[in-house]
Structure formats: C-alpha cells, structure tokens
Number of protein chains: 2
Amino acid sequence: MAKPTQPVRGRPKQSSSVPLTGTSELDRDSDVPLYFQLAAALKAMLEVDEWEAGARFASERELEEQFNVSRAVIRPALELLVGDGAIVRVKGSGAFVAPPRREVRVGGLVGLWSEQHGDRTVTVLSARKRRPDRTVSHFLQIEDRRTPVAHVHAVVDIGKPSVILVDSFSSVALVPWLLPTARALESAEKPPRPSGLGLTRATVSIEHTFFGEWGSSQVGASAGDPALMGRFVQFARARGAREECPVEFARLIYRADGAQLAFELS
Amino acid sequence: MAKPTQPVRGRPKQSSSVPLTGTSELDRDSDVPLYFQLAAALKAMLEVDEWEAGARFASERELEEQFNVSRAVIRPALELLVGDGAIVRVKGSGAFVAPPRREVRVGGLVGLWSEQHGDRTVTVLSARKRRPDRTVSHFLQIEDRRTPVAHVHAVVDIGKPSVILVDSFSSVALVPWLLPTARALESAEKPPRPSGLGLTRATVSIEHTFFGEWGSSQVGASAGDPALMGRFVQFARARGAREECPVEFARLIYRADGAQLAFELS
DNA sequence: TAGTGGTCTAGACCACACT
DNA sequence: GTGTGGTCTAGACCACTAA
C-alpha cells in the first residue's frame, strides 16, 4: 500500500504523524526486546524534534509497516510511552503527543476547604455519616467503632482533562463543618465558613496500582490504567488544645500518566 | 491433560498453586475485558484465603486451561497483579505471592549520612566532581555553571531484595564532607564525620516511569518495568547563616511494585 | 529435560470516531 | 464507510530454572 502524499478519500491519513521521519531500524539480534528498542527510538524522535502537545502520532498499523514488526511489538512499546507520559491514546481516534505533566499537590478536603483554593473545582459525589471500618478507625485513632465519621466521596478537578478521586474520612467532632460544606456543594448552595482549626502536619504514602471499573469511569480512564494511590492523614490541634490529633484520613487516586505529585517535607 | 494429584516425573507440577480452588467463570458477554475480570478474580482469591508470601502461583499454561482463555488474556491480567504488588514473576521459574509492600522513606544522601541510619547499606557506584547541567544548576541555584558540584551515584539497600538508585548532586562548598564520605565507602575505609548542617525542609515530586536498560540491571528489574521516579531537593541553613539554601538535588528511582513511598509534610 | 515466563507472529472481530 | 485503538485467538521460539 503506497503512502499518499495528498489526503485520500474517506478519512485522510493525517500526514503529520510524528515518527515518520528518520531511519527506522531495529536490531533483531540484540538481547534488548524489540518493543523496548522501539519505545526508545520513538521517545528519542519525540525529544529531538520537539512536537507540540496534541500533534498526531503514527497509528499502530503505520508503525507495523514502518518497523516491520507485528502489533504485539507495537503495543507494549506504546504502553511504555503512555506510562512515561509521552503520548496519549484515544480509542477510535488515534495516538497523540501528550502535554507535559501537571504538578499536583497532594492533600485532603480539610486542607483544601480550610484555605482559599478557588481554582479547584470539587464535585461531591456523596457525603454522609458512616461507621468507620478498621483502616479508617486506625488512622483517625477512634477507639469506639460505633462513633460515626464523615465520609465524603469527591472528584477534584485539577485543570483541563485531569481529575483526582478523593475518599475522605474525618472526625465529626473535630471538623463539624466539613459535612455541611460537602452537602452545600452537592446541592450548589453556599457552603458555611470552616471554623478555625490549627492544621499541623500530615503524612503521605504513595504507591502504584491500577484503576478499577468504577474509579476509571470517574476520571475518564479505563479499567486497568496505571494509577497512583496516596494515603493522606491530616493532623491538627483544636483551639486551645495541647496535643495534636488526626482529623482526616483520605485515599486519593491519580492517573499515573500526566500527574506529578509534589510535596514539601519538614 | 489430566491433573496429577501426585508429583510427576521430571519437574513436579508443585501442586500448591494458588488459584486452583473455587469456581472459574468469566463473563464473555460483559463489557469488562476478560483480562480485567481475570485479574479481579485472581486478586479476590488471593485476598480471601490469605496465602503466605512466596507461595507458588498457578502457571500461565495452567490458567489458560482453567479459564479457557489464551495467553493474551492471562498476561495482561498478571501484569495488573504485578503492578498492584500482589504477585512476583520469576523468569524460568514461575509466579509467586508477593510479600507486603515495604514502606520506603524518600530522601537524599545528605540526610541519610547526617543522621544515624546504620541499617541502610549504601553502595557507591561513582563519586566525583562535575560541571552541573541545566537541571542540576537550577535546583541547586548555582549561577556560574563552571562551579563543580559533587555527583554521587549510589545504590541504597532498603531491606531484602529491594534497592533504590540514587543520583545525588550537592554543593561542594556547603557539604564538603559528602564526597569524602562517598569515596571512603567506595574503598571500604572509615568515612569522616559529617559537619553540622541545619537541615530545614525538603521538596519532593513523584512520577511514574519505567526502567531503562541500565537502571533495571542495577536494581534487579528488567528494562520496561514500572518505576517511580522521585526528585528530591534538600534545603539547609549553614552554621550561623540566616537564609536557607538548597544543598542537594537527588533523582531517586524505585521499583513501582513492592515499594510504598512515605513522607511527612509540614 | 520438562516446565516456566518473555517475546513475537499473523491473523481476527469489535466499538468507536471521524468524514 | 474507513481507520482507529482495544481485545483476543492460536500458535511459535527462546533463555532460563529446577529437579
């Protein structure tokens, strides 16, 4: 099949595909797998000629032809590029050069709503009181498991196409304003002012997972996509109190591609 | 092929494979891909009967038979479990139930060697002065790029089979003891005492990548394996000084499976 | 020497997104 | 209607591991 220099009938082959320039030789005698060689070659091409974000990337069938390998080589190579944040793949449409990674601050809802973060849009999915499970009661240091905690499930928009899933558990006694705030956002009313609470420190742990069926649909990913999960515990000192105590435990799910989690340590 | 209840000749099929219990039905009419259903089913089995770390997992050919799917379904499913830290695959040997994730503290060599961390074994791969590149001079706030910085490349052992790759750049003027310390470790001599330096805060950013050919061999992974990259900047106040300044910029590479990065935020 | 995971081929069908 | 990525089949060969 000859490669047309002019758009063809039907859907034009969008001639601007990224890696159609340069040589395209893979070493079949090497110990390095073909798919890894291919990923390295494509990544190098992307870095040399700096393509703008959104530029069309070669289709898998084009790459098949150009590098003389089967799609079982192409696909893992492209998966590496996706995991590396270099390209984005859109079903039915094609692959595109990805925008640079966004820096994302990690935090819970208490911190988000205590301070002024007008640029963050929060969509509350559910907000209700709940009996804590073992994990939650452990992190919030709740001894009597019958004491209900505030459970808010929300999506935090962090700009353009990207969002975070937040699963926040907080002490009703210490942060009484959080549930009303969440409910006000749910019904698009004016939220109450948060009461003064001296936030002290927080702990975070990050690990790699993948999206489940439900989470993926919320953030516009698909099931199985790589994700970063953060466990976040916010500590605070109540007004006039001497000792600090945990006020919020949150699980946060980020898309692994496109995000760069940032913190400041003490 | 009948499944033997007793070990067979040659290499016995190690009858203790994990997911050979329970039903094994996948819904071929579902929208959810088979490989994802399979991963979810296997994960559920692992969680229900708590298998001890190191227990043998069913082989890919066994799973093929049991679930009536091709290996192109099995493999992505197992990849999900690996990325989730649930199993470990060993080439030529089989798959095994993974140990729980280790909590790993993120930090640079200045912090590591300033404090007493006798339990961490550091293997210095190289230690020398260098002209900083653009990234390094930016983070260390070095204006004259001809000023050399200390560059230490090291592997930090964080227990059992797991290590971190560290690429540390530090100011020679502010941390003069770091290079001698690294060189002493290289030649197995006694390191000098680090001078007092008031470490203040640090910034971290984490993102998802994959191992290159070189890095993977150092940490016992293979090229293309998922990894977490941390960028770490340590700030400090020199003795008697008023203002803090960056003293170390480090790139850290972790295996994404098996590690859980932990911090404390201020 | 048999079994294992790692890699790769050469096909196929689908739902989706464009034109 | 055509091209796209997503999924899946049914094979194959390899290097490696353990009995």
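Proteins come first, then strands; the chains are lettered A, B, ... in the order of their sequence lines, and each starts at number 1. Note: hydrogens, waters and symmetry copies are ignored here, and every other heavy atom, side chains too, is used.
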Checklist entry - Which one is paired to C/dC8, where only Watson-Crick or G-U wobble pairs with both distances under 3.5 angstrom count? => result D/dG11
Cut-off 3.5 Å, no hydrogens considered: what does the side-chain donor-acceptor table look like for residues 77-88 of chain A, sequence neighbours left out?
| unit_1 | atom_1 | unit_2 | atom_2 | d |
| --- | --- | --- | --- | --- |
| A/Asp84 | OD2 | A/Lys43 | NZ | 2.7 |

Checklist entry - Which nucleotides of nucleotides 5-12 of chain D have their base under 4.0 Å from a protein heavy atom (B), which only their sugar-phosphate (S), and which neither (-), written as one string 5' to 3'? => result BBBSB--B
Item to check | More than 12 heavy atoms of other groups within 6.0 Å of A/Asp27 CG | outcome: yes
Checklist outcome for this item: Distance col, row B/Phe169:CZ vs B/His153:NE2, nearest 0.5 angstrom, shows 9.0 Å
Checklist entry - So, A/Glu60 and A/Arg89, do they make that salt bridge, N to O below 4.0 Å? => result yes
Checklist entry - Atom CG of B/Asp225 and atom P of C/dG5: how far apart are they, to the nearest Å? => result 16 Å
Next on the checklist: Could you measure the distance from the CZ atom of B/Arg56 to the CH2 atom of B/Trp51? Nearest 0.5 Å is fine.
Outcome noted: 12.0 Å
